[in-house]
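Working notes, structure below.
Scope of the values below: all heavy atoms of this structure, side chains included, with no hydrogens, waters or symmetry mates. These numbers were taken from a predicted model, which means no experiment stands behind them. Letters A, B, ... are given to chains in the order of the sequence lines, protein chains preceding strands, and every chain is numbered from 1.
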Amino acid sequence: MEEPYEAFLQEYLGGEFRVFNAQLPCEPITLSKLLLEQHPGIVCKDGSRYLIKKKELEYLASLLTADEQSLFFLPVLIEIVPGQDEMAVISRGRIEEKVISEILGMPVVSRKARIKIYRPQLALIRKVLRTATQYIFSPRSIGESTSL
Amino acid sequence: MAKQLLKLRPTKIELIRLRRRLRLAERIQKIIKDRLSILVMEFLQVARETVEAKKKSLADFGEAYKALSVASGYHGTIALEKELVATEREIGIIAGLRNIAGVRIPSLELTGEEETLPAYSIADTSAWVDRSQEQFNQCLKSIVELAEKQSNLEIMGREINRTKRIVNALEYTIIPSLKNTISFLEMKFEERDREEKSRLKRVKVLLEQR
(Lines give C-alpha, C1' and ligand atoms only; values in the text may rest on other atoms or scores of the structure.)
Protein backbone atom coordinates (compact mmCIF):
# COMPACT_ATOMS: atom_id res chain seq x y z
CA MET A 1 0.00 0.00 0.00
CA GLU A 2 2.01 2.91 -1.30
CA GLU A 3 1.25 6.43 -2.53
CA PRO A 4 -0.42 5.27 -5.78
CA TYR A 5 -3.25 3.80 -3.68
CA GLU A 6 -4.18 7.29 -2.49
CA ALA A 7 -3.93 8.64 -6.01
CA PHE A 8 -6.23 5.83 -7.11
CA LEU A 9 -8.82 6.71 -4.44
CA GLN A 10 -8.63 10.40 -5.38
CA GLU A 11 -8.97 9.52 -9.06
CA TYR A 12 -11.91 7.23 -8.27
CA LEU A 13 -13.65 10.03 -6.37
CA GLY A 14 -13.15 12.45 -9.25
CA GLY A 15 -14.23 9.76 -11.71
CA GLU A 16 -17.44 9.11 -9.81
CA PHE A 17 -18.42 12.80 -10.01
CA ARG A 18 -17.48 12.89 -13.71
CA VAL A 19 -19.62 9.82 -14.47
CA PHE A 20 -22.58 11.11 -12.46
CA ASN A 21 -22.49 14.51 -14.11
CA ALA A 22 -21.67 13.40 -17.66
CA GLN A 23 -25.26 13.94 -18.78
CA LEU A 24 -25.37 17.60 -17.79
CA PRO A 25 -26.43 19.85 -20.65
CA CYS A 26 -23.91 21.98 -22.54
CA GLU A 27 -26.58 24.63 -22.79
CA PRO A 28 -30.10 24.53 -21.32
CA ILE A 29 -32.91 25.05 -23.85
CA THR A 30 -36.25 26.73 -23.26
CA LEU A 31 -39.46 24.74 -23.28
CA SER A 32 -40.86 26.79 -26.17
CA LYS A 33 -37.86 25.88 -28.37
CA LEU A 34 -38.06 22.19 -27.46
CA LEU A 35 -41.76 22.12 -28.28
CA LEU A 36 -40.94 23.18 -31.84
CA GLU A 37 -38.37 20.40 -32.37
CA GLN A 38 -39.39 17.19 -34.08
CA HIS A 39 -37.24 15.06 -31.80
CA PRO A 40 -36.72 17.21 -28.70
CA GLY A 41 -33.38 16.75 -27.02
CA ILE A 42 -30.34 18.48 -25.63
CA VAL A 43 -26.62 18.03 -26.20
CA CYS A 44 -24.79 16.82 -23.09
CA LYS A 45 -21.31 17.72 -21.88
CA ASP A 46 -20.01 14.29 -22.95
CA GLY A 47 -21.21 15.01 -26.51
CA SER A 48 -24.17 12.64 -26.45
CA ARG A 49 -27.73 13.68 -27.20
CA TYR A 50 -30.29 13.42 -24.44
CA LEU A 51 -33.85 12.88 -25.63
CA ILE A 52 -36.80 14.37 -23.80
CA LYS A 53 -40.20 12.75 -24.17
CA LYS A 54 -42.80 14.84 -25.98
CA LYS A 55 -45.46 13.73 -23.53
CA GLU A 56 -43.57 15.42 -20.69
CA LEU A 57 -43.05 18.60 -22.70
CA GLU A 58 -46.75 18.73 -23.47
CA TYR A 59 -47.54 18.28 -19.78
CA LEU A 60 -45.21 21.16 -18.88
CA ALA A 61 -46.71 23.30 -21.63
CA SER A 62 -50.16 22.69 -20.18
CA LEU A 63 -49.00 24.12 -16.84
CA LEU A 64 -47.37 27.26 -18.22
CA THR A 65 -48.42 30.23 -20.30
CA ALA A 66 -46.67 31.02 -23.61
CA ASP A 67 -44.49 33.69 -21.96
CA GLU A 68 -43.51 31.35 -19.16
CA GLN A 69 -42.65 28.61 -21.66
CA SER A 70 -40.03 30.83 -23.25
CA LEU A 71 -38.45 31.46 -19.83
CA PHE A 72 -38.56 27.89 -18.54
CA PHE A 73 -35.27 26.07 -19.18
CA LEU A 74 -34.91 22.33 -19.53
CA PRO A 75 -33.71 19.96 -18.20
CA VAL A 76 -34.70 20.71 -14.62
CA LEU A 77 -31.64 19.95 -12.48
CA ILE A 78 -31.96 18.12 -9.17
CA GLU A 79 -28.91 18.65 -6.99
CA ILE A 80 -27.79 15.81 -4.76
CA VAL A 81 -25.25 16.35 -2.04
CA PRO A 82 -23.65 13.18 -0.64
CA GLY A 83 -24.58 12.44 2.96
CA GLN A 84 -27.60 14.76 3.07
CA ASP A 85 -31.23 13.66 3.23
CA GLU A 86 -32.56 16.65 1.38
CA MET A 87 -32.08 17.48 -2.26
CA ALA A 88 -32.64 20.66 -4.19
CA VAL A 89 -34.24 21.58 -7.47
CA ILE A 90 -32.16 24.30 -9.06
CA SER A 91 -34.52 27.14 -9.78
CA ARG A 92 -34.02 30.21 -11.92
CA GLY A 93 -37.18 31.94 -10.80
CA ARG A 94 -40.87 31.74 -10.07
CA ILE A 95 -41.65 29.45 -13.02
CA GLU A 96 -39.74 26.50 -11.54
CA GLU A 97 -41.55 27.10 -8.25
CA LYS A 98 -44.87 27.02 -10.08
CA VAL A 99 -44.08 23.76 -11.90
CA ILE A 100 -42.73 21.97 -8.83
CA SER A 101 -45.60 23.11 -6.61
CA GLU A 102 -48.05 21.92 -9.27
CA ILE A 103 -46.42 18.48 -9.40
CA LEU A 104 -46.12 18.10 -5.63
CA GLY A 105 -49.54 19.60 -4.94
CA MET A 106 -48.15 21.93 -2.30
CA PRO A 107 -46.58 25.40 -2.31
CA VAL A 108 -42.79 25.52 -2.50
CA VAL A 109 -40.40 28.41 -2.09
CA SER A 110 -36.92 28.74 -3.52
CA ARG A 111 -34.07 30.03 -1.38
CA LYS A 112 -30.66 30.87 -2.84
CA ALA A 113 -31.86 29.57 -6.23
CA ARG A 114 -32.71 26.16 -4.72
CA ILE A 115 -36.05 24.50 -3.93
CA LYS A 116 -35.43 21.98 -1.16
CA ILE A 117 -37.17 18.64 -1.55
CA TYR A 118 -37.12 15.29 0.27
CA ARG A 119 -36.83 11.76 -1.10
CA PRO A 120 -40.58 10.97 -1.35
CA GLN A 121 -41.06 14.26 -3.18
CA LEU A 122 -38.15 13.42 -5.47
CA ALA A 123 -39.84 10.15 -6.42
CA LEU A 124 -43.01 12.08 -7.24
CA ILE A 125 -41.17 14.58 -9.44
CA ARG A 126 -39.21 11.83 -11.24
CA LYS A 127 -42.42 9.90 -11.85
CA VAL A 128 -43.97 12.83 -13.70
CA LEU A 129 -40.84 14.29 -15.33
CA ARG A 130 -38.61 11.30 -15.95
CA THR A 131 -36.70 12.66 -18.92
CA ALA A 132 -37.18 16.37 -18.28
CA THR A 133 -35.24 16.21 -15.01
CA GLN A 134 -31.61 15.31 -14.45
CA TYR A 135 -29.51 14.59 -11.38
CA ILE A 136 -26.47 16.67 -10.60
CA PHE A 137 -24.09 15.42 -7.91
CA SER A 138 -22.47 18.25 -6.07
CA PRO A 139 -19.62 18.08 -3.57
CA ARG A 140 -20.85 21.32 -1.94
CA SER A 141 -23.63 21.55 0.61
CA ILE A 142 -27.07 22.68 -0.48
CA GLY A 143 -27.46 26.43 -0.38
CA GLU A 144 -23.90 27.26 -1.31
CA SER A 145 -23.72 29.01 -4.62
CA THR A 146 -22.67 26.82 -7.53
CA SER A 147 -21.98 28.20 -10.95
CA LEU A 148 -23.42 25.85 -13.56
CA MET B 1 -13.18 -12.99 13.02
CA ALA B 2 -9.56 -11.90 13.09
CA LYS B 3 -8.95 -8.18 12.73
CA GLN B 4 -7.71 -7.21 9.30
CA LEU B 5 -4.49 -5.23 9.34
CA LEU B 6 -2.56 -3.68 6.50
CA LYS B 7 1.09 -4.62 6.13
CA LEU B 8 3.19 -1.48 6.41
CA ARG B 9 6.05 0.08 8.34
CA PRO B 10 4.95 1.42 11.75
CA THR B 11 5.97 5.04 11.23
CA LYS B 12 4.23 8.34 11.95
CA ILE B 13 4.16 9.25 8.29
CA GLU B 14 2.30 6.02 7.51
CA LEU B 15 -0.24 6.87 10.22
CA ILE B 16 -0.84 10.30 8.67
CA ARG B 17 -1.23 8.67 5.25
CA LEU B 18 -3.66 6.10 6.62
CA ARG B 19 -5.80 8.78 8.26
CA ARG B 20 -5.96 10.67 4.96
CA ARG B 21 -6.86 7.46 3.14
CA LEU B 22 -9.62 6.72 5.64
CA ARG B 23 -11.16 10.17 5.18
CA LEU B 24 -11.14 9.67 1.42
CA ALA B 25 -12.61 6.17 1.64
CA GLU B 26 -15.41 7.41 3.91
CA ARG B 27 -16.18 10.21 1.49
CA ILE B 28 -16.37 7.79 -1.42
CA GLN B 29 -18.60 5.50 0.62
CA LYS B 30 -21.03 8.37 1.31
CA ILE B 31 -21.24 9.24 -2.39
CA ILE B 32 -21.70 5.65 -3.52
CA LYS B 33 -24.34 5.00 -0.86
CA ASP B 34 -26.29 8.03 -2.08
CA ARG B 35 -25.93 6.83 -5.63
CA LEU B 36 -27.15 3.38 -4.62
CA SER B 37 -30.23 4.76 -2.88
CA ILE B 38 -31.10 6.82 -5.96
CA LEU B 39 -30.57 3.83 -8.24
CA VAL B 40 -32.80 1.67 -6.03
CA MET B 41 -35.51 4.33 -6.04
CA GLU B 42 -35.34 4.59 -9.83
CA PHE B 43 -35.24 0.80 -10.17
CA LEU B 44 -38.41 0.36 -8.10
CA GLN B 45 -40.18 3.01 -10.14
CA VAL B 46 -39.11 1.41 -13.41
CA ALA B 47 -40.13 -2.02 -12.08
CA ARG B 48 -43.62 -0.71 -11.31
CA GLU B 49 -43.87 0.87 -14.75
CA THR B 50 -42.62 -2.32 -16.41
CA VAL B 51 -45.34 -4.38 -14.77
CA GLU B 52 -47.93 -1.84 -15.91
CA ALA B 53 -46.48 -1.77 -19.45
CA LYS B 54 -46.49 -5.58 -19.62
CA LYS B 55 -50.13 -5.75 -18.48
CA LYS B 56 -51.08 -3.08 -21.00
CA SER B 57 -49.19 -4.81 -23.78
CA LEU B 58 -50.88 -8.15 -23.08
CA ALA B 59 -54.30 -6.50 -22.98
CA ASP B 60 -53.61 -4.64 -26.24
CA PHE B 61 -52.49 -7.79 -28.02
CA GLY B 62 -55.54 -9.67 -26.72
CA GLU B 63 -57.86 -6.96 -28.07
CA ALA B 64 -55.99 -6.74 -31.37
CA TYR B 65 -56.14 -10.47 -32.08
CA LYS B 66 -59.79 -10.52 -31.08
CA ALA B 67 -60.53 -7.74 -33.58
CA LEU B 68 -58.48 -9.49 -36.27
CA SER B 69 -60.27 -12.79 -35.81
CA VAL B 70 -63.66 -11.05 -36.04
CA ALA B 71 -62.52 -9.28 -39.26
CA SER B 72 -61.17 -12.55 -40.60
CA GLY B 73 -64.49 -14.28 -39.85
CA TYR B 74 -66.45 -11.47 -41.50
CA HIS B 75 -64.38 -11.25 -44.73
CA GLY B 76 -62.84 -14.70 -44.91
CA THR B 77 -59.12 -15.33 -44.39
CA ILE B 78 -58.15 -15.35 -48.08
CA ALA B 79 -60.05 -12.15 -48.92
CA LEU B 80 -58.61 -10.41 -45.87
CA GLU B 81 -55.07 -11.51 -46.72
CA LYS B 82 -55.54 -10.17 -50.27
CA GLU B 83 -56.69 -6.80 -48.88
CA LEU B 84 -53.89 -6.55 -46.36
CA VAL B 85 -51.04 -7.64 -48.64
CA ALA B 86 -49.98 -4.04 -49.34
CA THR B 87 -50.36 -2.73 -45.82
CA GLU B 88 -46.80 -3.39 -44.74
CA ARG B 89 -45.02 -0.22 -43.72
CA GLU B 90 -41.73 0.75 -42.22
CA ILE B 91 -41.67 2.01 -38.70
CA GLY B 92 -39.12 4.36 -37.23
CA ILE B 93 -37.79 4.32 -33.70
CA ILE B 94 -35.62 7.07 -32.30
CA ALA B 95 -33.10 5.53 -29.96
CA GLY B 96 -31.07 7.58 -27.56
CA LEU B 97 -29.25 7.17 -24.29
CA ARG B 98 -30.15 8.61 -20.93
CA ASN B 99 -27.89 8.80 -17.95
CA ILE B 100 -29.36 8.25 -14.51
CA ALA B 101 -26.82 8.60 -11.71
CA GLY B 102 -24.03 7.41 -13.97
CA VAL B 103 -26.00 4.57 -15.60
CA ARG B 104 -26.56 4.81 -19.32
CA ILE B 105 -29.97 3.47 -20.23
CA PRO B 106 -31.66 3.38 -23.64
CA SER B 107 -34.54 5.61 -24.54
CA LEU B 108 -36.84 4.53 -27.39
CA GLU B 109 -39.53 6.55 -29.06
CA LEU B 110 -41.76 5.45 -31.91
CA THR B 111 -41.97 7.89 -34.81
CA GLY B 112 -44.50 8.25 -37.62
CA GLU B 113 -47.44 7.82 -35.30
CA GLU B 114 -49.45 10.45 -37.14
CA GLU B 115 -52.61 9.22 -38.80
CA THR B 116 -52.07 7.91 -42.31
CA LEU B 117 -54.61 6.60 -44.77
CA PRO B 118 -54.89 2.81 -44.69
CA ALA B 119 -53.25 0.95 -47.56
CA TYR B 120 -56.28 -1.28 -48.08
CA SER B 121 -59.50 -0.38 -49.81
CA ILE B 122 -61.88 1.29 -47.37
CA ALA B 123 -64.80 0.64 -49.67
CA ASP B 124 -64.21 -3.12 -49.85
CA THR B 125 -63.54 -3.72 -46.17
CA SER B 126 -65.58 -3.36 -43.03
CA ALA B 127 -65.02 -1.32 -39.89
CA TRP B 128 -63.67 -4.47 -38.23
CA VAL B 129 -60.50 -4.20 -40.32
CA ASP B 130 -60.10 -0.53 -39.34
CA ARG B 131 -60.56 -1.49 -35.73
CA SER B 132 -57.93 -4.26 -35.87
CA GLN B 133 -55.51 -1.85 -37.57
CA GLU B 134 -56.01 0.68 -34.78
CA GLN B 135 -55.51 -2.02 -32.18
CA PHE B 136 -52.28 -3.26 -33.77
CA ASN B 137 -50.94 0.30 -33.95
CA GLN B 138 -51.61 0.51 -30.24
CA CYS B 139 -49.74 -2.81 -29.78
CA LEU B 140 -46.73 -1.37 -31.58
CA LYS B 141 -46.61 1.60 -29.20
CA SER B 142 -46.99 -0.58 -26.13
CA ILE B 143 -44.31 -3.06 -27.24
CA VAL B 144 -41.77 -0.26 -27.82
CA GLU B 145 -42.60 1.15 -24.40
CA LEU B 146 -42.21 -2.29 -22.83
CA ALA B 147 -38.88 -2.87 -24.59
CA GLU B 148 -37.56 0.42 -23.22
CA LYS B 149 -38.72 -0.24 -19.67
CA GLN B 150 -37.49 -3.83 -19.60
CA SER B 151 -34.01 -2.98 -20.86
CA ASN B 152 -33.85 -0.11 -18.34
CA LEU B 153 -34.78 -2.53 -15.59
CA GLU B 154 -32.08 -5.04 -16.54
CA ILE B 155 -29.31 -2.43 -16.87
CA MET B 156 -30.24 -0.76 -13.59
CA GLY B 157 -30.40 -4.11 -11.80
CA ARG B 158 -26.88 -4.97 -12.95
CA GLU B 159 -25.58 -1.55 -11.91
CA ILE B 160 -27.23 -1.84 -8.48
CA ASN B 161 -25.47 -5.19 -7.97
CA ARG B 162 -22.12 -3.70 -8.98
CA THR B 163 -22.58 -0.65 -6.76
CA LYS B 164 -23.67 -2.83 -3.83
CA ARG B 165 -20.47 -4.85 -4.14
CA ILE B 166 -18.39 -1.65 -4.01
CA VAL B 167 -20.34 -0.37 -0.99
CA ASN B 168 -19.92 -3.71 0.79
CA ALA B 169 -16.20 -3.82 0.00
CA LEU B 170 -15.79 -0.34 1.44
CA GLU B 171 -18.02 -0.97 4.44
CA TYR B 172 -16.79 -4.42 5.46
CA THR B 173 -13.21 -4.62 4.19
CA ILE B 174 -11.45 -1.39 3.25
CA ILE B 175 -12.71 0.99 5.95
CA PRO B 176 -12.49 -1.55 8.85
CA SER B 177 -8.97 -2.56 7.84
CA LEU B 178 -7.90 1.08 7.67
CA LYS B 179 -9.47 1.77 11.09
CA ASN B 180 -7.90 -1.34 12.61
CA THR B 181 -4.46 -0.48 11.24
CA ILE B 182 -4.76 3.11 12.50
CA SER B 183 -5.68 1.95 16.01
CA PHE B 184 -2.88 -0.68 15.90
CA LEU B 185 -0.33 1.97 14.94
CA GLU B 186 -1.62 4.35 17.63
CA MET B 187 -1.27 1.59 20.24
CA LYS B 188 2.22 0.79 18.97
CA PHE B 189 3.30 4.44 19.28
CA GLU B 190 1.81 4.70 22.78
CA GLU B 191 3.70 1.53 23.71
CA ARG B 192 6.91 3.02 22.29
CA ASP B 193 6.34 6.19 24.35
CA ARG B 194 5.85 4.15 27.51
CA GLU B 195 9.00 2.13 26.78
CA GLU B 196 10.92 5.34 26.17
CA LYS B 197 9.69 6.82 29.46
CA SER B 198 10.62 3.74 31.49
CA ARG B 199 14.02 3.60 29.76
CA LEU B 200 14.67 7.23 30.68
CA LYS B 201 13.63 6.57 34.29
CA ARG B 202 15.99 3.59 34.44
CA VAL B 203 18.85 5.67 33.01
CA LYS B 204 18.10 8.40 35.54
CA VAL B 205 18.25 5.89 38.38
CA LEU B 206 21.53 4.46 37.09
CA LEU B 207 23.02 7.95 36.81
CA GLU B 208 21.93 8.77 40.34
CA GLN B 209 23.53 5.54 41.66
CA ARG B 210 26.99 6.51 40.23
Using heavy-atom distances under 4.5 Å, tell me whether A/Y50 contacts chain B through its side chain, its backbone, both, or neither. both
Between A/K53 and B/E148, is there a salt bridge with N-O shorter than 4.0 Å? yes
A/F73: ring pair (Phe, Tyr, Trp, His ring centres under 6.0 Å) partners, not counting sequence neighbours: none
Please flag which part of B/R48 lies under 4.5 Å from any non-hydrogen atom of chain A: side chain, backbone, both or neither. neither
Under 4.5 Å heavy-atom distance to chain A, tell me which part of B/I32 shows up: side chain, backbone, both or neither. side chain
Residues A/E58 and A/L35: closest non-hydrogen pair is N-CD2, 4.4 Å
Using non-hydrogen atoms only, which part of B/I31 is less than 4.5 Å away from chain A: side chain, backbone, both, or neither? both
Counting heavy-atom pairs under 4.5 angstrom with chain A, the leader among B/L44, B/V103, B/L97, B/I38 is B/I38
With respect to A/M87, which candidate in A/I136, A/I125, A/I117 satisfies the side chain to side chain contact (heavy atoms under 4.5 Å, CB included) definition? A/I117
Where on B/I166 is there a heavy atom nearer than 4.5 Å to chain A: the side chain, the backbone, both, or neither? side chain
Decide if atom CZ of A/R49 counts as having more than 12 heavy atoms of other residues, nucleotides or ligands within a radius under 6.0 Å. yes
Is B/E49 close to chain A through its backbone or its side chain, or both, or neither, when contacts mean heavy atoms under 4.5 Å? side chain
Decide yes or no for A/P25 and A/L77: does some side-chain heavy atom of the first lie under 4.5 Å from some side-chain heavy atom of the second? yes
